[in-house]
Amino acid sequence: MRLKNKKYLAVVGIILFTIIMIIPFLKIGQLGVHSDWSFHSARVQQIYLNLKRGHLFTYIATDTFSKVGNANFLFYPVVFLYPWVFLKFVFAPITAYLIYVWLIFLTTGLIAFFCMQSFNNKNTRQSFFFSLIYLIAPYHLYLTLTNYVLGEAIAYTFIPIVLLGIYNIFYKNRWITLSVGMALMAYSHYVTLFISVEVCLIIAICYLIQNRKITLNQVKYLIKAIALFIILSAWQFVPLFTDYLGKDLVKPGSGFMLMQTLGDFIVSAFSNDALNRGGIGLLLLMALLFGWKLVNKDSKYMWVYLLGVLLTWMITTAFPWQYFTKTPLSVIQFPYRYTGYAIAFLAIVLSKVLVSIKFSCNQYVITSVIILFMLMLYAGSIYPDLARNARLDKNIPVLSSKREGNYRTFRDSKDTPIILNNENYNQQFSYGALYGETDYMPRRSFDNPRSILNSIVYIGNMKEKKLPYCYANRLSYKIKTPGQTNVNLPVLAYSNTVVNYNNKEISYRTSARGTVLVKVKKGINKIEIGYKPSIYLFLFSVVSLIGWIALISLAVKNKYLINRR
């Protein structure tokens, strides 16, 4: 009962801590946005508008991303954007986003806590410290409150589940946790999923070094985990096979970019702010520099420490990335993406150190002092963001109008912040996204995008700027023609794109600019372009749903049996 009370107290502490984290941003009530914001906010806006129309699923952009039918919803996970969407039905836009961030913080903190509980035999204080350290890491704040890199921010939440999952396979003869962690990664961010596989392979190598063998049972558990992962997440990958692979679409760039030197990395960690990709921060820098002295008597934690060192090395230019440019590893694009896993390993070490140090005074007093210290570190980390959002520097502009005339991106190439509030929020969607606007376009469209993004329709040899009527997953045009001719519409053509001409489905050709080209008759012609998902997407979605229901039922049943005992 005493252990349970401590656990409940820790959970309440995490809830209160995360509320304190978000309150300063709620009080300001506006955001200084740049970087990935316009990409994710446009995706959320499209899902929101489609839900208002009564459509749960979004396949192509019709109201956002310049109304050209961009299918990034098929190729970039959207599942965990839905909480933000639902919040928009209840709260003002800025408040909705900040409550969404709070939910990310809360979920991250609780997952970190309970995963550490399983890892360290239910040491509540260590689990609590690990949760707070993991929460306030500058890289985490960079993802959620500075640069709005939401795919990675959501994936960061599930890193502890993946680590616990691979640990359970090798040391606890359990395999379901890894499947769940990897499936949640697939629902969040594909590149982080790839990194998760890498980290699991590295852990397997470390296990081999320690034990010099992997048992047949462990191989069976890995196979079961992979099979369950496929059941839970295969639907996510169906559009990649039906509409992406081999279809000559624009792919994200590969390589190793935006790397810090080791010196810059250390200076950034000392600054402990969420700018410049965040980094591991001051607390974990101390764990990196001195952790080996404090855990050298514990084999398990020494391996955790060494993995933290390895992944930290991989973040910087000190790692020889130049030898891997032509390997599958180049898909990660930015080596700083390993920071999330480096933080997880180093936070495990630091939490162990904090509970190992003996003090003469009451442990609750020490815990309170540590919490207060972490809050002060957090306050220092977020001050630049708060100053930006509050416009303490009056040079930061406020979005003042909708875009008029030709296509322009929401931010210019310098990517400086601009202020959004509840009054001007919707004006941003008349602009293009600086990053992500042309992702997943057909290659021919990407090579010549201006006419498409500027809504130019070609009627025979004539061109005309014409905006479509927007609906959920379909765009509609009314085109008046003097005679039979070809109409080239500024709507991207994908493998499962469908065209209705005067309420009848017809075949179409793909134009030289990668868009829909149809032959029409004289008069007023109604042309609708939409997306019809593959039947496999539906089938695998049903399989996944059944898999999740079975897992949840099993978990509830096991919990019930444990309580009865």
Side-chain angles (χ1 to χ4, degrees), residues 56-59 71 73-83 107 111 114-115 118 151-152 154-201 203-204 214-246 328 331 495-496 532-561:
L56 180 60
F57 302 111
T58 296
Y59 305 116
F73 298 89
L74 295 169
F75 311 127
Y76 196 113
V78 299
V79 171
F80 292 113
L81 292 180
Y82 274 83
T107 307
I111 285 175
F114 285 107
C115 286
S118 181
E152 291 172 64
I154 297 163
Y156 182 92
T157 299
F158 304 120
I159 286 175
I161 302 179
V162 173
L163 292 180
L164 179 63
I166 193 67
Y167 173 80
N168 282 348
I169 281 182
F170 288 123
Y171 295 97
K172 294 294 181 79
N173 296 324
R174 300 173 188 164
W175 55 273
I176 293 178
T177 305
L178 182 61
S179 303
V180 171
M182 286 296 195
L184 294 172
M185 279 291 179
Y187 293 1
S188 307
H189 192 243
Y190 291 145
V191 175
T192 310
L193 173 65
F194 179 84
I195 291 172
S196 299
V197 174
E198 284 185 83
V199 172
C200 288
L201 288 173
I203 291 172
I214 291 179
T215 66
L216 182 60
N217 276 341
Q218 289 167 337
V219 173
K220 289 179 180 177
Y221 295 145
L222 278 170
I223 293 172
K224 287 181 179 180
I226 293 169
L228 180 57
F229 165 74
I230 292 171
I231 289 171
L232 297 178
S233 61
W235 68 273
Q236 274 280 153
F237 303 103
V238 168
L240 297 179
F241 288 98
T242 59
D243 290 79
Y244 183 77
L245 296 176
V331 74
S495 296
N496 283 294
K532 185 177 181 180
S534 163
I535 186 65
Y536 296 109
L537 181 59
F538 171 76
L539 291 175
F540 281 108
S541 297
V542 171
V543 168
S544 174
L545 182 61
I546 293 171
W548 283 112
I549 291 172
L551 275 181
I552 294 169
S553 300
L554 181 63
V556 171
K557 180 181 177 182
N558 287 342
K559 185 72 175 177
Y560 173 73
L561 290 175

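Note that the structure is a prediction, hence the values are computed from the model and not measured. If you read the sequence from its start, that first residue is 1, and numbering goes on from there.
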Contacts under 3.5 angstrom, residues 180-197 side chains, donor-acceptor by atom type, not counting sequence neighbours:
unit_1	atom_1	unit_2	atom_2	d
Tyr187	OH	Leu232	O	2.4
Tyr187	OH	Trp235	NE1	3.1
Tyr187	OH	Ser544	OG	3.2
Tyr187	OH	Trp548	NE1	2.9
Ser188	OG	Leu184	O	2.7
His189	ND1	Thr192	N	3.3
His189	ND1	Thr192	OG1	2.7
Tyr190	OH	Gln236	O	3.1
Tyr190	OH	Gln236	NE2	2.8
Ser196	OG	Thr192	O	2.7
Ser196	OG	Tyr341	OH	2.6

Pairing residues for Tyr171 by the ring pair (Phe, Tyr, Trp, His ring centres under 6.0 Å) criterion, not counting sequence neighbours: Tyr167, Tyr207
Atom pairs and distances, donor-acceptor, side-chain atoms in residues 532-541, under 3.5 Å, two or more places apart:
unit_1	atom_1	unit_2	atom_2	d
Ser534	OG	Tyr536	N	3.0
Ser541	OG	Leu537	O	2.6

Within-4.5 Å side-chain heavy-atom neighbours: Cys200 and Val162: yes
Minimum-distance pair of heavy atoms, taken over all atoms of Ile166 and Leu178: N-CD1, 3.8 Å
Asp243 side chain vs Asn496 backbone, donor-acceptor pair below 3.5 Å: yes
Partners meeting side-chain contact (heavy atoms from CB on, under 4.5 Å) with Asn217 (sequence neighbours left out): Thr215, Lys220, Tyr221
Smallest separation among heavy atoms of Thr157 and Thr107, with atom names: CG2-CG2, 3.8 Å
Test side chain to side chain contact (heavy atoms under 4.5 Å, CB included) applied to Leu56 and Tyr82, step by step: CA-CA 10 Å; Leu56 180 60; Tyr82 274 83; 4.1 Å; yes
Any side-chain heavy-atom pair of Leu74 and Thr242 under 4.5 Å: no
side-chain contact (heavy atoms from CB on, under 4.5 Å) involving Ile223 - partner list, sequence neighbours excluded: Val219
Euclidean distance, Asn168 CG relative to Cys115 SG, rounded to 0.5 Å: 9.0 Å
Partner of Phe75 under ring-ring contact (aromatic ring centres under 6.0 Å, His included), chosen from Phe241, Tyr244, Phe237: Tyr244
Closest contact, heavy atoms only, Phe170 versus Ile214: CE2-CD1, 4.0 Å
Side-chain heavy atoms of Leu551 within contact of Ile176, under 4.5 Å: yes
Ring pair (Phe, Tyr, Trp, His ring centres under 6.0 Å) against Phe73, all qualifying residues, sequence neighbours excluded: none
From CD1 (Ile549) to CG (Leu554), nearest 0.5 Å: 13.5 Å
Point-to-point distance, once rounded to the nearest 0.5 Å, from CG of Leu164 to OG1 of Thr177: 5.5 Å
Spacing of CD1 belonging to Ile231 relative to CD1 belonging to Ile226, to within rounding of 0.5 Å: 12.5 Å
